[in-house]
Amino acid sequence: MAPVTEHQGSFLSRISRRNQIVSMDVNHDQELRELEDFQKHVALRFTELDSPESDPILSIQWLRKLLDAFMSCESEFQSVLTTNPAQISKPLVPETLDRIVKALDICTAVVNGVDSVRQSQRLAEIAVTALKQHPLSDGTVRRAKRALTSLLAALNADKSSGGSGRRATSSSSFGRGGGCVSKNWSASKQIQAMTANLVLPRGGEASPMFIMSSVMVMVMWTLVAAVPCQASNGLTVHLPLPRHQVWASAASSIQERIGEELKRKEKRCGGGGGGLMEEMQRMERIGLKLMEFTDGFRFDGEEEVKGEVEEMEEICRKMEDGLEGLQRQVREVFHRLVKSRSEILEAIDHL
């Protein structure tokens, strides 16, 4: 075999460099396609949630669909990392991992918060059972009034104590710290810490990791707004989502709608915070009307509140059907986040 001449060596080097460049271009094109597909997926799932045909925002069914959307986006994110670990943005890794840990605590607090909503449901059911008696008597009305008094106090607990107290010591069957958060733990401060440094990277190009981190923060913020959580007063009404980006447009619209609800609650109650679940707000409104009825009770007056009693019964039925599923989904999100954190760390090791 003839020795390679200097001219031939130079030619072979140029071919090798050209192949490397072509390979880099192909990989870059693939990354752009993966990023575009991921952005479209996130946009589609949140557009469905923002649709006028969707369930009422912050209702139990809507929250369950929100968690479905989050799990779907998470699966797509992991698929991107599996096929192309180079999509991991190393500078974002420490903050992303820290946000995941904070999200785990929020999941624990939300599960406990759902337990407190269940307690409100039981009180409402007692009031409904009493007020459905025919004819009404002083005894049944007194029973309804006691239940309504406790119900309204429970629904307003966040407004006076920021959700601390009894929820701080509740427990569940999963999670870090045996299913509890510490007494000094604050849902609103946790969200505030998660939004710190959540800034679009230079050049305005959102990486899959930045997008997924933003989606996680938005979902956790929504859960804290909807479900009574420990120390949720003072919850921020704004999240730093880049509305001009395709993937963030619908999520930003949802965030703004919930932010307006938080502002209204702050004006009405002197403090923002959780408890914006649609069924809870209706329960409080009807509870106040029924309390007025029990205060001025007169015989043969049950027809005056027949509609309110039926509506309260319907709310209790929706809670009975939906709260257990919502709680189960929050647990699934918890375990998915634990797995996601491990997968990110494993992917970094292979870079």
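Just so it is clear, the model here is predicted, and its values are computed rather than measured.
- Note on R122 versus E125: salt bridge recorded, some NZ/NE/NH1/NH2 to OD/OE distance being below 4.0 Å.
- The shortest heavy-atom contact between L58 and L63 is O-CD1, 3.9 Å.
- L326 CG to L223 CG: the interatomic distance, rounded to the nearest 0.5 Å, is 7.5 Å.
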task = Go through the steps for E260 and R264 under the test side chain to side chain contact (heavy atoms under 4.5 Å, CB included), then give the verdict.
result = CA-CA 6 Å; E260 289 301 315; R264 280 193 284 271; 4.2 Å; yes

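- Here the OG-CG distance, from S120 to L152, works out to 9.5 Å after rounding to the nearest 0.5 Å.
- A distance-only check finds a donor-acceptor pair linking the side chain of T108 to the backbone of L104 [under 3.5 Å].
- Formation of a donor-acceptor pair under 3.5 Å by the W221 side chain with backbone atoms of I191 is not found in this model.
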inquiry  = Checking R243 against S249 for the side chain to side chain donor-acceptor pair (under 3.5 Å) test, could you report, in this order, the C-alpha distance in whole Å, the side-chain angles of both residues, the deciding distance, and whether it holds?
reply    = CA-CA 5 Å; R243 187 184 183 95; S249 180; 5.1 Å; no

Criterion side chain to side chain contact (heavy atoms under 4.5 Å, CB included) on I344 and F77, from CA distance to verdict = CA-CA 10 Å; I344 291 172; F77 171 66; 4.3 Å; yes

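- Atom CG of L49 sits about 8.0 Å away from atom NZ of K65, to the nearest 0.5 Å.
- Side-chain contact between L337 and M216 is present, with heavy atoms from C-beta onward closer than 4.5 Å.
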request  = Check the pair T140 / R143 against side chain to side chain contact (heavy atoms under 4.5 Å, CB included), numbers first and verdict last.
outcome  = CA-CA 5 Å; T140 56; R143 190 179 311 124; 3.8 Å; yes

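- A distance of 10.0 Å separates CG in L288 from CZ in R285, rounded to the nearest 0.5 Å.
- How far CZ of R99 is from CD1 of I106: 12.0 Å, rounded to the nearest 0.5 Å.
- Of the inter-residue distances, the one linking L323 atom CG with R118 atom CZ reads 6.0 Å to the nearest 0.5 angstrom.
- Neither V141 nor I126 shares a network with the other; the hydrophobic side chains, linked directly or stepwise wherever heavy atoms of I, L, V, M, F, W or Y lie under 4.5 Å apart, form separate groups for each.
- Residues V111 and Q327 share a closest heavy-atom pair of O-NE2, 2.9 Å.
- Under a 4.0 Å N-O distance rule, the pair E313/K132 qualifies as a salt bridge.
- For the residue pair P208 and V80, the shortest heavy atom distance occurs at CG-CG1, 4.2 Å.
- Between F210 and W247, the ring planes are perpendicular. Angles over 60° get that label, and only those under 30° would be called parallel.
- The backbone N or O of M71 sits less than 3.5 Å from a side-chain atom of S75, completing a donor-acceptor pair.
- Counting all heavy atoms, side chain and backbone alike, V237 lies closest to Q255 at O-NE2, 2.7 Å.
- Using modelled atom types, one side-chain atom of T83 and one backbone atom of S79 make a donor-acceptor pair closer than 3.5 Å.
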inquiry  = Run T294 and R142 through side chain to side chain contact (heavy atoms under 4.5 Å, CB included) and show every step you take.
reply    = CA-CA 8 Å; T294 60; R142 281 196 299 271; over 6 Å; no

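- The pair R257-E261 fails the salt-bridge criterion, with no side-chain N (NZ, NE, NH1 or NH2) lying under 4.0 Å from an Asp/Glu carboxylate O.
- Remark: side-chain polar atoms of S116 are paired, donor with acceptor, to backbone N or O of G113 under 3.5 angstrom.
- In this structure, R45 does not pair ionically with D68, as no charged nitrogen and carboxylate oxygen lie closer than 4.0 Å.
- At least one donor-acceptor pair under 3.5 Å links the side chain of Q230 to the backbone N or O of W185.
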query = Can you check salt bridge (charged side-chain N to carboxylate O under 4.0 Å, His left out) on K40 and D37, steps first, answer last?
reply = CA-CA 5 Å; K40 287 180 178 178; D37 290 343; 5.1 Å; no

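- Residues M280 and Q121 have side chains not in contact (no heavy-atom distance under 4.5 Å, counting atoms from C-beta outward).
- Residues V246 and F46 fall into different hydrophobic clusters, defined by Ile, Leu, Val, Met, Phe, Trp and Tyr side chains chained together at heavy-atom separations under 4.5 Å.
- Checked for salt-bridge contact, R336 and E74 meet the test: a charged N lies under 4.0 Å from a carboxylate O.
- Counting heavy atoms from C-beta outward, T236 and Q192 have side chains that stay 4.5 Å or more apart.
- Residues L136 and F293 form a side-chain contact, since some pair of their non-hydrogen atoms from C-beta on lies under 4.5 Å apart.
- Using a 4.0 Å cut-off between a side-chain N of Lys or Arg and a carboxylate O of Asp or Glu, R282 and E314 qualify as a salt bridge.
- Checking side-chain atoms of E95 against main-chain N and O of L198 turns up no donor-acceptor pair under 3.5 Å.
- Taking all atoms of both residues into account, the shortest heavy-atom contact from F38 to C73 is CE1-O, 3.5 Å.
- Counting heavy-atom neighbours within 6.0 Å of H244 NE2, excluding the residue itself, gives a total above 12.
- Side chains of L241 and S214 form a contact here, defined as non-hydrogen atoms less than 4.5 Å apart.
- Counting only heavy atoms from C-beta outward, the side chains of M212 and V217 never approach each other to under 4.5 Å.
- Using a 4.5 Å heavy-atom cutoff, the side chains of C229 and V110 are in contact.
- Between the side chains of Q78 and S340, at least one donor-acceptor pair of N or O atoms lies under 3.5 Å.
- For E324, the CD atom sits in a loose shell: 12 or fewer heavy atoms of surrounding residues, nucleotides or ligands are nearer than 6.0 Å.
- Note on I100: it clusters hydrophobically with M194, by side-chain heavy-atom contacts below 4.5 Å among ILVMFWY residues.
- Residues P56 and W62 form no side-chain contact, since every pair of their non-hydrogen atoms from C-beta on lies 4.5 Å or further apart.
- With hydrophobic clusters built from ILVMFWY side chains whose heavy atoms lie under 4.5 angstrom apart, L44 does not share a cluster with F70.
- Pairing each heavy atom of L92 with each of T96, the nearest pair is O-OG1, 2.8 Å.
- With salt bridges taken as basic N to acidic carboxylate O contacts below 4.0 Å, none links D105 and K102.
- Checking Q61 against S59 by side-chain atom types alone, no donor-acceptor pair falls below 3.5 Å.
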